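Worth saying up front: this structure is predicted, and the values here are computed from it rather than measured. Throughout, a chain's letter reflects where its sequence line sits, starting with A, and its residues are numbered from 1. We use all heavy atoms of the structure for the numbers below, so side chains are in, but hydrogens, waters and symmetry mates are not.
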Amino acid sequence: MPELPEVETVRLGLADRVIGRIIIAEMHDTEKGFPNAPVDVKNFLLGATITGVRRRAKVLMIDLSTGYSLIVHLKMTGQLVFVSPDDRFGAGHPNDSLINTLPDKSTRVTLSFKDGAALYFNDQRKFGWMKLIPTAEIPSLSFMQKVGPEPLDASFTKEAFKERFTRRKKTSIKAALLDQSVVAGIGNIYADEALWGAKVHPTRKVETITEQEFTDLYNEVRAVMSLAIEKGGSSNHTYVNAEGKKGSYMDFARAFRREGLPCPRCGTIIEKIRVAGRGTHICPHCQVL
DNA sequence: CACTTGACCTGTCCGC
DNA sequence: TGCGGACAGGTCAAGT
């Protein structure tokens, strides 16, 4: 799914497009989709103006003028795509662009705006969700209580990074990196990329990671996340930004989904193994046990 | 408590 | 071309 850089890319795109727009209707085609409470939808979603779009870890928060917020998790295949009336079949937009074909069979929620624009929440695998809750209740959500620090926050130090792992001494470094309560926002792509960058084998137990390796991992996590945001995230199949367009980080990937190709550092063929139940890409020469 | 595994869904790709 | 199985960017609830 979208990891931190993909969710941040969506957030930036939405902030440009939906803030100030007024929601006049919502339609959804699955019960899992959202607004579980019809009364709240009627009173706090319809007619609301969007006032802000925030992100914490991989969760998006769309704040409304009514004091409620839409909370969204895209999980593996979720998308939030904004389409203005001018976009459809407009000049300069490729014919194969998603925006000309939405809604489609993966569309779970459609939010219609007063000016004719729409925001589509699509999710092929239906793992994602969208909820409507009072904005003031967000900080007390169990997710917000448990989630670790944002890796790109200026206040997030190398010392804090290392300290977060003390609770996961016996597990693999990859499983710990994927644990959202340790550090927020890392997923399968950027875990592999950061481990490759720091030359750390993903199955290494956390308690065996040296001071220098923690320093390298800290720097790599931040560098990889920053570069990915700059490139608009990674796209394999389903991920798109708020304009329905793909990101380009995969052009810069050094290990992820590069099995069978040479390691950019030493030329050894990248291998794919399984760690913590996830497909994992390593250079067997650079990342030794 | 720490840790691992399976389940949640749909679609696609790969080998027979 | 058809079919079964493995797998896909995430997170829970179970299990040990």
Side-chain angles (χ1 to χ4, degrees), chain A residues 1-11 29-34 55-60 71-80 98 104-108 121-131 141-148 164-196 202-208 221 224-225 227-229 231-241 246-260 272-281:
Chain A
M1 118 125 216
E3 304 178 29
L4 185 155
E6 289 73 31
V7 180
E8 178 63 10
T9 300
V10 171
R11 187 193 71 75
D29 66 352
T30 71
E31 58 190 55
K32 189 168 179 175
F34 108 106
R55 178 190 62 76
R56 179 73 170 94
K58 303 173 189 173
V59 173
L60 281 166
I71 313 296
V72 188
H73 199 308
L74 302 174
K75 290 287 180 82
M76 300 284 264
T77 54
Q79 307 172 328
L80 278 174
L98 250 187
D104 63 23
K105 63 184 295 188
S106 77
T107 301
R108 309 288 160 215
F121 172 42
N122 305 323
D123 187 12
Q124 185 176 91
R125 289 173 73 180
K126 302 181 182 175
F127 292 168
W129 44 259
M130 178 181 273
K131 295 172 187 171
L141 292 174
S142 66
F143 158 77
M144 294 294 280
Q145 300 284 318
K146 288 182 299 191
V147 71
R164 302 295 301 176
F165 288 87
T166 54
R167 69 180 78 184
R168 304 294 307 267
K169 290 188 198 317
K170 299 290 182 188
T171 195
S172 66
I173 185 65
K174 174 151 182 180
L177 283 168
L178 293 173
D179 183 342
Q180 301 299 293
S181 74
V182 173
V183 178
I186 303 172
N188 207 35
I189 299 174
Y190 304 111
D192 281 7
E193 290 290 286
L195 286 163
W196 179 91
T203 62
R204 291 266 306 282
K205 296 279 183 268
V206 170
E207 62 189 354
T208 72
V221 164
V224 156
M225 292 273 176
L227 176 63
I229 291 171
K231 300 301 175 189
S234 299
S235 293
N236 278 331
H237 179 51
T238 55
Y239 168 75
V240 294
N241 66 16
K246 294 176 178 297
S248 69
Y249 177 83
M250 286 304 290
D251 297 341
F252 301 85
R254 299 152 314 168
F256 191 77
R257 295 229 169 140
R258 286 181 45 84
E259 64 270 31
K272 185 171 180 183
I273 60 177
R274 203 141 187 96
V275 181
R278 314 295 302 275
T280 299
H281 311 76

Rounding to a whole Å, what distance do you find between A:Arg257:CZ and B:dT12:C1'? 11 Å
At under 4.0 Å between heavy atoms, what does A:Gly277 touch on the DNA or RNA strands: base, sugar-phosphate, or nothing? nothing
Could you measure the distance from the CZ atom of A:Phe256 to the CD1 atom of A:Ile189? Nearest 0.5 Å is fine. 4.5 Å
Atom pair distance, as rounded to whole Å: CG in A:Leu74 and C1' in B:dC9: 16 Å
How far, in whole Å, is C:dA14 from B:dC9 if one measures between their P atoms? 15 Å
Can you name the residues that form a ring-ring contact (aromatic ring centres under 6.0 Å, His included) with A:Tyr249, not counting sequence neighbours? A:Tyr190
Under-4.0 Å side-chain N/O to phosphate OP1/OP2 contact, A:Lys272 with C:dC7: no
Which is true for A:Tyr190 with a 4.0 Å heavy-atom rule: it touches a base, it touches only sugar-phosphate, or it touches nothing? nothing
In whole angstrom, give the distance that lies between atom CZ of A:Phe127 and atom C1' of B:dC9. 5 Å
In chain order, what residues pass the salt bridge (charged side-chain N to carboxylate O under 4.0 Å, His left out) check against A:Glu207, with sequence neighbours excluded? A:Lys170
For a 4.5 angstrom cut-off between non-hydrogen side-chain atoms, does A:Leu4 reach A:Arg55? yes
Rounded distance (Å) that lies between atom C1' of C:dA8 and atom CG of A:Asp192: 13 Å
Going by number, which of residues 246-255 of chain A have a non-hydrogen atom under 4.0 Å from DNA chain C? none
CZ of A:Arg278 to NZ of A:Lys174: how many Å apart, nearest 0.5 Å? 6.5 Å
Please state how far atom CD in A:Gln145 lies from atom P in C:dC12, giving the value in whole angstrom units. 14 Å
Does the side chain of A:Arg278 get closer than 4.0 angstrom to OP1 or OP2 of C:dG10 through an N or O atom? yes
When all nucleic acid strands are considered with a 4.0 Å heavy-atom cut-off, which category describes A:Gly279: base, sugar-phosphate, or nothing? sugar-phosphate
Which nucleotide wins on minimum distance to the side chain of A:Arg125, given the candidates B:dC9, B:dC3, C:dG10? B:dC9
Drop me the distance from A:Glu3's CD to A:Leu74's CG, to the nearest 0.5 angstrom. 12.0 Å
Reckon A:Arg274 has a side-chain N or O less than 4.0 Å from the OP1 or OP2 of C:dA8? yes
For A:Arg274 and A:Gly279, which heavy atoms make the closest approach, and how far apart are they? NH1-N, 3.6 Å
Minimum heavy-atom separation for A:Ala194 and A:Val221, please, with both atom names. CB-CG2, 3.8 Å
Can you list the stems that DNA chain B is part of, where a stem is at least 3 pairs in a row, each Watson-Crick or G-U, with both distances below 3.5 Å? B:2-8 with C:10-16, B:10-16 with C:2-8
Would you indicate, yes or no, if B:dC8 has its OP1 or OP2 atom less than 4.0 angstrom from a side-chain nitrogen or oxygen of A:Lys126? no
OP1 or OP2 of C:dT11 less than 4.0 angstrom from a side-chain nitrogen or oxygen of A:His73, does that happen here? yes
Rounded at 0.5 Å granularity, tell me how far OG1 in A:Thr203 sits from CD1 in A:Ile273. 6.0 Å
Within residues 169-179 of chain A, find the residues that approach DNA chain B with a heavy atom at under 4.0 Å, and present them sorted by residue number. A:Lys169, A:Lys170, A:Thr171
Between OG1 on residue A:Thr171 and CG on residue A:Asp179, distance to nearest 0.5 Å: 8.5 Å
A:Lys205 NZ to B:dA2 C1', straight-line distance once rounded to whole Å: 12 Å
What distance do A:Asn122 atom CG and A:Arg108 atom CZ have between them, rounded to the nearest 0.5 Å? 8.0 Å
If you compare all heavy atoms of A:Arg125 against all heavy atoms of A:Met76, which two are closest, and at what distance to 0.1 Å? NH1-CE, 3.6 Å
Can you say whether a donor on the side chain of A:Arg167 sits under 3.5 Å from an acceptor on the base of B:dA2, or the other way round? no
Please determine if a side-chain N or O atom of A:Gln180 lies less than 4.0 Å away from the OP1 or OP2 oxygen of C:dG10. no
In whole Å, what is the span from the CZ atom of A:Phe143 to the C1' atom of C:dG10? 12 Å
What residues form a side-chain hydrogen bond (donor to acceptor under 3.5 Å, both in side chains) with A:Arg164, not counting sequence neighbours? none
Can you measure A:Gln124 atom CD to B:dT10 atom C1' for me and round it to whole angstrom units? 5 Å
